[in-house]
Amino acid sequence: MKRQILICTLLAFFNFGCSDNTETVSEVEPEVVAPENKFELFVNGELTDITAQNAFLIEDKIVIQTRSFDFEPTIKISKEGKIGQIYIDYFEFGVWRKFYNFRNFSSNYYSLEITSYDTTLNRIEGNFSGLLYADPDNLNSQSKFVNGSFSLPIIESVPIILGLKNTAKINGVDWSTIHHYMRKDNPSDYHNLTLHTLSDDEFKILLKFNRLNTTPGIYSFTNNSASNLVKIARFNTETNEYLVYDCVGTLEITERVFNLIRGTYSFVGQNPNDSSDVIEVTNGNFFLNYPQFD
């Protein structure tokens with residue numbers, strides 16, 4: 001009888017000791033913390049109350065635009081960080097005033113850096129600093145020192161007009177505009193116009209048209225042509241001025257609808273002060289609108 005009790009006790013012990021009482025531990029996914037959206041803007045060293053929630057990808061450009069009671073900043077850049085436009089609408093002394101980046105070879109005068117551009121998370125981070133001017137062509141005009149930083153999600157947006165751009169090869173190197181503006185050739189002449197197209201580098205391509213008489217067709221031009229021509233200018237960072245080259249070539253207008261114009265061009269430009277300095281522009285292709293007069 002004692003022997004039977006002992007065997008039962010041992011069996012009970014081994015059954016208890018060998019039972020599977022391992023607890024199943026489920027893996028806990030780490031909590032994903034969304035990056036904090038941030039936009040800080042300082043004007044002459046003072047932090048503004050500006051906030052922004054998003055940056056917008058419009059074709060190949062990044063646009064950050066927001067506003068507060070007395071500030072409305074706008075940043076337009078390429079995905080590579082080339083400066084198109086940076087400006088603030090600034091409420092001062094009872095009126096709204098606008099201050100712009102110096103638009104000629106902008107990155108030589110204003111610092112903007114994209115520190116992170118994540119196409120998976122659709123986020124962009126960067127910082128900016130420099131002087132903005134009351135006159136975007138005059139470094140001696142009234143200025144404000146504007147700096148700040150941003151960390152924002154990117155939302156893709158469709159522009160009202162698709163594909164506005166001017167592209168070409170300058171001495172065999174690809175060139176593409178990031179900003180353009182329009183000027184009258186004469187203050188009282190609203191018909192002969194020049195579209196200035198810039199790419200945040202030393203070059204500017206100028207397309208001259210007559211708003212009334214320019215129609216689809218092929219135009220051969222020389223340096224003495226008054227309209228329907230294309231020219232190239234090179235910016236000198238020592239004089240802060242453009243040198244416009246003497247140009248000869250061909251312009252073809254393929255479409256003209258309302259305030260939109262499309263076409264192609266090729267030409268050769270020669271430095272008027274140095275005949276050995278020649279620029280060849282090929283594969284010119286543009287689709288542009290006539291913006292408001294600048």
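Each residue takes its place number in the sequence, starting with 1.
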Min side-chain heavy-atom separation Lys231-Tyr245 under 4.5 Å: no
Val248 and Phe221: CA distance, side-chain angles, deciding distance, side-chain contact (heavy atoms from CB on, under 4.5 Å) verdict: CA-CA 6 Å; Val248 177; Phe221 61 85; 5.7 Å; no
Shortest non-hydrogen contact from Ser266 toward Thr282: CB-CA, 4.3 Å
Distance (rounded to the nearest 0.5 Å) between Asn213 CG and Ser227 OG: 7.5 Å
Plane angle bin for Phe286 and Phe209 - parallel if under 30°, tilted between 30 and 60°, otherwise perpendicular: tilted
Beyond-backbone contact of Trp96 with Tyr90, side-chain heavy atoms, under 4.5 angstrom: no
In one Ile/Leu/Val/Met/Phe/Trp/Tyr side-chain cluster, 4.5 Å: Val244, Met182: no
Geometric class of the Phe128/Tyr110 ring pair [parallel <30°, tilted 30-60°, perpendicular >60°]: parallel
Salt-bridge contact Lys98-Asp89 (side-chain N to carboxylate O under 4.0 Å): yes
Close side-chain approach of Asn37 to Ser151, heavy-atom, < 4.5 Å: no
Sub-4.5 Å side-chain heavy-atom contact between Arg234 and Asp277: yes
Audit row: Asp185, Lys208, salt bridge (Lys or Arg N to Asp or Glu O under 4.0 Å) steps and yes/no: CA-CA 9 Å; Asp185 290 356; Lys208 292 178 174 285; 3.7 Å; yes
Student check: side-chain heavy atoms of Ile154 and Asp118 closer than 4.5 Å: no
Considering all heavy atoms, the nearest Leu132-Ile86 contact: CD2-O, 3.9 Å
Identified side chain to side chain contact (heavy atoms under 4.5 Å, CB included) partner of Ile83 from the options Asn108, Ile178, Leu112, Ile75: Leu112
hydrophobic_cluster_shared for Phe39 and Phe56, side chain cutoff 4.5 Å: no
Test applied, side chain to side chain contact (heavy atoms under 4.5 Å, CB included); reference residue, Tyr265; option that passes from Asn283, Thr250, Leu207: Leu207
Minimal non-hydrogen separation, Tyr117 against Ile114, with atom names: CB-CG2, 4.1 Å
Nearest non-hydrogen partners of Thr167 and Ser176, listed with the distance: CG2-OG, 3.7 Å
Euclidean distance, Arg262 CZ relative to Arg256 CZ, rounded to 0.5 Å: 13.5 Å
Distance-only side-chain donor-acceptor flag, Lys165 / Asn285, under 3.5 Å: no
Hphob cluster co-occupancy, Leu139 + Phe145, side-chain heavy atoms under 4.5 angstrom: yes
Cationic tip of Lys204 above Tyr242 ring, under 6.0 Å, 45° of axis: yes
Atom pair CG (Asn104) and CG (Asp200), whose distance is rounded to the nearest 0.5 Å: 10.5 Å
Heavy-atom pair of closest approach, residues Asn127 and Phe150: N-CE2, 4.1 Å
Exam field: side chain Glu202 to backbone Phe105, donor-acceptor pair closer than 3.5 Å: no
Ile170 vs Ile279, side-chain contact (heavy atoms from CB on, under 4.5 Å): CA-CA, chis, key distance, verdict: CA-CA 7 Å; Ile170 298 178; Ile279 298 175; 3.7 Å; yes
Tyr109 vs Asn240, side chain to side chain donor-acceptor pair (under 3.5 Å): CA-CA, chis, key distance, verdict: CA-CA 10 Å; Tyr109 300 87; Asn240 296 320; 2.4 Å; yes
Contact check, side chains of Pro35 and Arg123, non-hydrogen atoms, under 4.5 Å: yes
Verdict with supporting geometry, Ile261 and Thr214, side-chain contact (heavy atoms from CB on, under 4.5 Å): CA-CA 10 Å; Ile261 189 163; Thr214 295; 4.2 Å; yes
Cation-pi, Tyr290 ring and Arg211 (6.0 angstrom, 45 degrees): yes
Any donor-acceptor N or O pair under 3.5 Å, side chains Glu113, Thr115: no
Stepwise salt bridge (Lys or Arg N to Asp or Glu O under 4.0 Å) check, Glu46 with Lys144: CA-CA 11 Å; Glu46 294 186 9; Lys144 304 282 185 185; over 6 Å; no
Close aromatic pair by centroid cut-off 6.0 Å: Tyr100 and Tyr133: no
Hydrophobic cluster membership, Leu57 vs Ile155, 4.5 Å side-chain cutoff: no
Test side chain to side chain donor-acceptor pair (under 3.5 Å) applied to Ser78 and Glu80, step by step: CA-CA 5 Å; Ser78 72; Glu80 297 76 32; 3.3 Å; yes
Distance-only donor-acceptor check, side chains Ser188 and Asn186, under 3.5 Å: yes
Contact summary for Glu280 and Val268, nearest pair of heavy atoms: CG-CG2, 4.4 Å
Ile64 CD1 to Thr66 OG1 distance, which is reported to the nearest 0.5 Å: 10.0 Å
From OG (Ser106) to CG (Leu198), nearest 0.5 Å: 7.0 Å
Asp274/Ser276 under side chain to side chain donor-acceptor pair (under 3.5 Å): CA gap, chis, key distance, verdict: CA-CA 5 Å; Asp274 180 1; Ser276 66; 2.6 Å; yes
Residue pair His180 / Asn289, side-chain donor-acceptor N/O under 3.5 Å: yes
Heavy-atom donor-acceptor pair, Thr177 side chain to Ser199 backbone, under 3.5 Å: no
Pairwise side-chain contact, Phe99 with Tyr87, heavy-atom cut-off 4.5 Å (strictly under): no
Separation of Leu251 CG from Tyr219 OH (nearest 0.5 Å): 8.0 Å
Verdict with reasoning, Arg103 to Asp137, per side-chain contact (heavy atoms from CB on, under 4.5 Å): CA-CA 7 Å; Arg103 63 183 164 197; Asp137 290 313; 2.8 Å; yes
Student check: side-chain heavy atoms of Val43 and Ile88 closer than 4.5 Å: yes
Cluster link Ile160 to Leu164, ILVMFWY, side chain under 4.5 Å: yes
Asn166 versus Trp175, side-chain donor and acceptor atoms under 3.5 Å: no
